[in-house]
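Following: one structure in structure tokens, then a few remarks.
Both backbone and side-chain heavy atoms feed into the values below; hydrogens, waters and symmetry mates do not. Every value quoted in this text rests on a predicted model; they were computed, and no experiment measured them. Throughout, numbering of the chain's residues begins at 1 and tracks the sequence. In each ligand, atom 1 is the first atom listed, and ligand 1 is the first ligand listed.
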Amino acid sequence: MSPEDKKRIAAEAAIDFVRPDSIIGVGTGSTVNHFIDLVAEKMGNKIRAAVSSSEASSERLRGHGIRVVDLNEVGKLDLYVDGADESNSRLQLIKGGGGALTREKIVAAASAQFVCIADDSKLVEVLGAFPLPLEVIPMARELVARELRGLGADPRLRDGTITDNGNQILDLHGLKITDALDLETRINQITGVVCVGLFAHRPADVLLLGTDNGVVTHTAD
Ligand code: 5RP
């Protein structure tokens, strides 16, 4: 099965988590694009609205006639569905390959259940082969980069990328993340960091992995 087909079957499995008459949180990326298309096809007139984590996803949702609402207008969400760049067996994630990490983390924090959808290449033993994205206030970029080098990372500016929030992305190469909780805490303490794409304090609750043998459901170890 191709990686794209694996993404699609994982996205399809997430439809079972969507409750009629609910407002759902929606992430960003190619796997989530499948989810948006499928939710519109199978449940479009049954959900009330969506809270979106990016302008790109908002546009796709609206294109299907799904109402997009501001997180500030709604209470806690029942469900957030999003992809990931890497997951370990504790369902701690690296996210932000698409640059939407800050809004993704906000919507995940506002949701009772986080269902992550991915193809099976995303499940890894140790996080960090995928460069860890970090959103930074532009004027603090070099200050933050120096601090990160002290943590053993090799920060590289993602050239030409400005986030939906008007900031820049540093991709942190060379990390082997064995204690994701600690690293997330340390990075969060650096002044000028808006958000790091390490989802350890708020990991996924369920990981739906598309494989050659169908969808495999993981919950945290
Ligand atoms: C965007 C993300 C995505 O979830 C992540 O990059 C995975 O993307 P894809 O589904 O295209 O593989 O974090 O910021």
Side-chain angles (χ1 to χ4, degrees), residues 1-15 17 24-39 50-61 71 79-88 91-111 113-124 127-136 156 158 160-173 175 177 180 184 187 193-211 215 218:
M1 200 181 284
S2 71
E4 212 49 43
D5 285 340
K6 290 178 182 177
K7 290 178 184 190
R8 191 182 40 74
I9 61 170
E12 194 160 18
I15 301 291
F17 290 79
I24 57 171
V26 176
T28 300
S30 57
T31 317
V32 166
N33 283 345
H34 287 297
F35 174 74
I36 293 172
D37 296 348
L38 287 161
V39 93
V51 171
S52 167
S53 67
S54 65
E55 301 301 331
S57 289
S58 297
E59 200 177 307
R60 198 172 187 103
L61 286 157
L71 181 62
L79 175 69
Y80 179 53
V81 178
D82 199 357
D85 299 300
E86 282 184 351
S87 173
N88 63 17
L91 308 196
Q92 297 170 324
L93 311 173
I94 286 185
K95 293 186 43 55
L101 57 146
T102 301
R103 295 188 189 189
E104 291 172 345
K105 209 175 238 192
I106 292 168
V107 186
S111 301
Q113 187 177 39
F114 177 2
V115 173
C116 184
I117 52 177
D119 68 87
D120 55 2
S121 69
K122 305 289 182 71
L123 185 61
V124 299
L127 298 171
F130 188 94
L132 175 63
L134 179 150
E135 180 164 351
V136 65
R156 300 188 202 161
R158 198 181 295 179
T161 298
I162 299 292
T163 69
D164 286 348
N165 312 308
N167 298 311
Q168 291 176 312
I169 300 274
L170 291 173
D171 290 307
L172 310 186
H173 293 251
L175 290 171
I177 305 171
E184 186 179 2
I187 294 177
V193 169
V194 177
C195 186
V196 59
L198 192 52
F199 286 54
H201 288 280
R202 204 294 175 238
D205 300 302
V206 178
L207 172 64
L208 301 174
L209 268 194
T211 77
V215 176
H218 294 257

Rounded distance [0.5 Å steps], CD in Glu104 versus CG in Asp82
4.5 Å
Within the distance-only criterion (no hydrogens, no angle test), does the side chain of Arg103 pair as donor or acceptor with the backbone N or O of Thr28 below 3.5 angstrom?
no
Quick one, list the residues around ligand 1 where some non-hydrogen atom comes in under 4.0 Å, by chain and residue number.
Lys7, Thr28, Gly29, Ser30, Thr31, Asp82, Gly83, Ala84, Asp85, Lys95, Gly96, Gly97, Gly98, Gly99, Ala100, Glu104, Lys122
Just to verify, what does Phe35 make a ring-ring contact (aromatic ring centres under 6.0 Å, His included) with, not counting sequence neighbours?
none
Restricting to side-chain hydrogen bond (donor to acceptor under 3.5 Å, both in side chains), what partner residues turn up for Thr161, sequence neighbours left out?
none
Side-chain donor-acceptor contacts of residues 127-134 below 3.5 Å, not counting sequence neighbours, with atom names and distances?
none

Counting only heavy atoms not in Glu59, do more than 12 sit closer than 6.0 Å to its CD atom?
no
